[in-house]
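To start, the structure itself, in structure tokens.
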Amino acid sequence: MAQNSKPVYGGQAVVEGVMFGGKTSCVTAIRRKDQSIDFFEAPRKSSPFLKKIKKVPFLRGIAAIVEATANGSKHLNFSSDRFDLDPSEDEKLKEKKESKLTMILGVAVIGVLSFIIGKVLMTLVPVFLAELTRPIFSSDVAQIVVESFFKFLLIICYIFLVSQTPLIKRVFQYHGAEHKVINAYEKGIELTIEGVQSQSRLHYRCGSSFILFTVIVGMFVYLLVPTDPLWVRIVNRLALIPVVLGLSFEVLQLTNKLSSFPVLKYLGYPGLWLQLLTTKEPKDDQVEVAIASFSRLLVLEEKKAGTTQNKVV
């Protein structure tokens, strides 16, 4: 297929905009209060250690998550600072004082810590809820199934509740716009509003699919360790977080590779179903922002590629 020879690009929705990342650069485009489109461009940074880890199966998922969270935090910070400001008010941003914690740790580290804390809570809360049902579901297998059910229920409820707020609804629309742009690009469709809008808002590589796979993969991994006593169960769950994340990333990559096969493509459907909650159909002006972001990224990637070739020569 033609799209297989193309570079793989990823992205994420931000407040009133979309961020896309390539091999060397990341670009965010947002819709400002005066309806103009503003950009934030940054080189895609990765430590030498993470670069090595990203080449190791089952460990590369952890490195990819850390890198994406760190880079994404900077772009999310850019969008949240500016989306409700008129460009003429940008001087206010220079006067804004960062919190002491942010000054010490930095936006990227705060983003990674927030992810870790959220993952720990989403892992342990279902454990305690399942433990309450032990008088009814006493076996290890039953407890793991109940725990996984509670985890899935918490994720669905959380996504549904936050999606009811106007701000998150729009973020989910931009999420849909991001997927539509990637789908159009990978199919060789011209990046016009009409062409992009004709595409699906769902995509196999989406982080939403990854979240669901952590529930499914975790259920099978937990079958290998005891659930009783409670303190052992808690220790196991915390210790296995990297294992579950690493395996889930590999499953996500596998389902993406199998997406073009008639029968095997259905393996990725559970993740696509979850995206029905985490993405919404975007409006034309939102698609315009996503196209602007991706187009700017392509220009930067081409420039960087040309610079690298000149250095080699």
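Quick caveat, the model's predicted, so the values are computed rather than measured.
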Inset, instruction - Treating Ile, Leu, Val, Met, Phe, Trp and Tyr as nodes and any side-chain heavy-atom pair under 4.5 angstrom as an edge, say whether Phe213 and Val215 lie in one connected cluster. - result: yes
Legend entry - Gln12 (side chain) donor-acceptor with Gly207 (main chain) under 3.5 angstrom: no
Inset, instruction - May I ask you to test the Thr123-Leu238 pair for a side-chain heavy-atom distance under 4.5 Å? - result: no
Legend entry - Pairwise side-chain contact, Tyr174 with Val289, heavy-atom cut-off 4.5 Å (strictly under): yes
Inset, instruction - Give a yes or no on whether the backbone of Gly17 and the side-chain of Arg31 come within a donor-acceptor separation of less than 3.5 Å. - result: no
Legend entry - Greater than 12 external heavy atoms within 6.0 Å of Glu190's CD: no
Inset, instruction - Would you check if the side chain of Ser295 reaches a backbone N or O of Ala292 as a donor-acceptor pair within less than 3.5 Å? - result: no
Inset, instruction - Kindly indicate, with the supporting measurements, whether the criterion side chain to side chain contact (heavy atoms under 4.5 Å, CB included) is fulfilled by Ile155 and Leu212. - result: CA-CA 8 Å; Ile155 290 173; Leu212 185 59; over 6 Å; no
Legend entry - Heavy-atom neighbours of Phe39 CZ exceed 12 at 6.0 Å: yes
Inset, instruction - Report yes or no: do Ile291 and Leu300 belong to one cluster of Ile/Leu/Val/Met/Phe/Trp/Tyr joined by side chain heavy-atom distances under 4.5 Å? - result: yes
Legend entry - Ser139 side-chain N/O to Ala142 backbone N/O, donor-acceptor pair under 3.5 Å: yes
Inset, instruction - Is it possible for you to say whether Val232 and Leu230 belong to one hydrophobic cluster, with membership spreading through side-chain heavy-atom contacts below 4.5 Å? - result: no
Legend entry - Glu250 side-chain N/O to Leu247 backbone N/O, donor-acceptor pair under 3.5 Å: no
Legend entry - Interatomic spacing from CZ in Phe172 to OG1 in Thr279 - rounded to 0.5 Å: 8.5 Å
Inset, instruction - Any chance you could lay out the side chain to side chain contact (heavy atoms under 4.5 Å, CB included) test for Val196 and Leu191, step after step, and finish with the verdict? - result: CA-CA 6 Å; Val196 171; Leu191 296 182; 4.1 Å; yes
Legend entry - Approximate separation, where rounding is to 0.5 Å, of Arg201 CZ and Glu281 CD: 5.0 Å
Inset, instruction - Taking the side chain as every heavy atom from C-beta outward, state whether Ile241 and Val120 have any atom pair closer than 4.5 Å. - result: yes
Legend entry - Phe152, CZ atom: more than 12 neighbouring heavy atoms under 6.0 Å: no
Legend entry - Under 3.5 Å side-chain donor-acceptor pair for Asn183 and Ser200: no
Inset, instruction - Please determine if Glu301 and Lys23 form a salt bridge, counting it only when a charged side-chain N lies under 4.0 Å from a carboxylate O. - result: no
Inset, instruction - Determine, using the 4.5 Å side-chain heavy-atom cutoff (strictly less than), whether Leu124 and Val235 are members of one ILVMFWY cluster. - result: no
Inset, instruction - Calculate, to the nearest 0.5 Å, the distance between atoms CG and CD1 belonging to Leu276 and Ile159 respectively. - result: 11.0 Å
Legend entry - Donor-acceptor contact present, side-chain Ser293 to main-chain Ala290, <3.5 Å: no
Legend entry - Sequence-distant partners of Glu147, side-chain hydrogen bond (donor to acceptor under 3.5 Å, both in side chains), two or more places apart: Arg233, Arg237
Legend entry - Gln35, CD: over 12 other non-hydrogen atoms inside 6.0 angstrom: yes
Inset, instruction - For residues 206-232, pull every pair meeting salt bridge (charged side-chain N to carboxylate O under 4.0 Å, His left out), keeping only residues two or more places apart or in separate chains. - result: none
Inset, instruction - Mind listing the closest non-hydrogen atom pair of Val162 and Ile168 along with its distance? - result: O-CB, 3.0 Å
Legend entry - Sequence-distant partners of Glu16, salt bridge (charged side-chain N to carboxylate O under 4.0 Å, His left out), two or more places apart: Arg170
Legend entry - side chain to side chain contact (heavy atoms under 4.5 Å, CB included) assessment of His179 paired with Gln275: CA-CA 10 Å; His179 285 180; Gln275 290 177 43; 3.2 Å; yes
Legend entry - Closest non-hydrogen atom pair, Gly195 against Ser198: O-OG, 2.5 Å
Inset, instruction - Give a yes or no answer on whether the side chain of Lys180 reaches the backbone of Gln197 with a donor-acceptor pair at less than 3.5 Å. - result: yes
Legend entry - Within 6.0 Å of CZ in Phe128, more than 12 heavy atoms from elsewhere: yes
Legend entry - Non-hydrogen side-chain atoms of Leu245 and Thr214 separated by less than 4.5 Å: yes
Inset, instruction - Find the distance between OG1 (Thr227) and CG (Asn236) and round it off to the nearest 0.5 Å. - result: 9.5 Å
Inset, instruction - Please examine the side chains of Ser208 and His175, heavy atoms only from C-beta on, and report whether any two atoms are closer than 4.5 Å. - result: yes
Legend entry - Nearest heavy-atom neighbours spanning Tyr204 and Thr255: CD2-O, 3.6 Å
Inset, instruction - Determine the minimum heavy-atom distance between Ile37 and Ala29, stating which atoms define it. - result: CG2-CB, 4.0 Å
Legend entry - Nearest heavy atoms of Leu154 and Val125, plus distance in Å: CD1-CG1, 3.7 Å
Inset, instruction - Please examine the side chains of Val221 and Val217, heavy atoms only from C-beta on, and report whether any two atoms are closer than 4.5 Å. - result: yes
Inset, instruction - Measure from the ring center of Phe294 to the ring center of Phe20 and say whether it is less than 6.0 Å. - result: yes
Legend entry - Rounded distance (nearest 0.5 Å) linking atom CG of Leu202 with atom OH of Tyr269: 10.0 Å
Legend entry - No-hydrogen, no-angle side-chain donor-acceptor test under 3.5 Å, Glu41 and Ser25: no
Inset, instruction - Mind listing the closest non-hydrogen atom pair of Val171 and Val15 along with its distance? - result: CG2-CA, 4.2 Å
Inset, instruction - Mark yes or no for whether Ser248, through its side chain, and Val244, through its backbone, hold a donor-acceptor pair below 3.5 Å. - result: yes
Legend entry - Distance, nearest 0.5 Å, that separates CZ of Phe249 from CG of Leu254: 12.0 Å
Inset, instruction - Indicate yes or no: at least one non-hydrogen side-chain atom of Lys303 is less than 4.5 angstrom from one of Val299. - result: yes
Legend entry - Test: Arg205 and Glu186 ion pair at under 4.0 Å: yes
Inset, instruction - Please answer: with hydrophobic residues joined when any side-chain heavy atoms are less than 4.5 Å apart, are Phe149 and Ile136 in the same cluster? - result: yes
Inset, instruction - Give a yes or no answer on whether the side chain of Gln143 reaches the backbone of Ala130 with a donor-acceptor pair at less than 3.5 Å. - result: yes
Inset, instruction - Give a yes-or-no answer on whether the side chains of Lys187 and Gln199 include a donor-acceptor pair shorter than 3.5 Å. - result: yes
Inset, instruction - Show the numbers, then the answer: is there a side chain to side chain contact (heavy atoms under 4.5 Å, CB included) between Tyr9 and Leu297? - result: CA-CA 10 Å; Tyr9 295 104; Leu297 174 66; 3.7 Å; yes
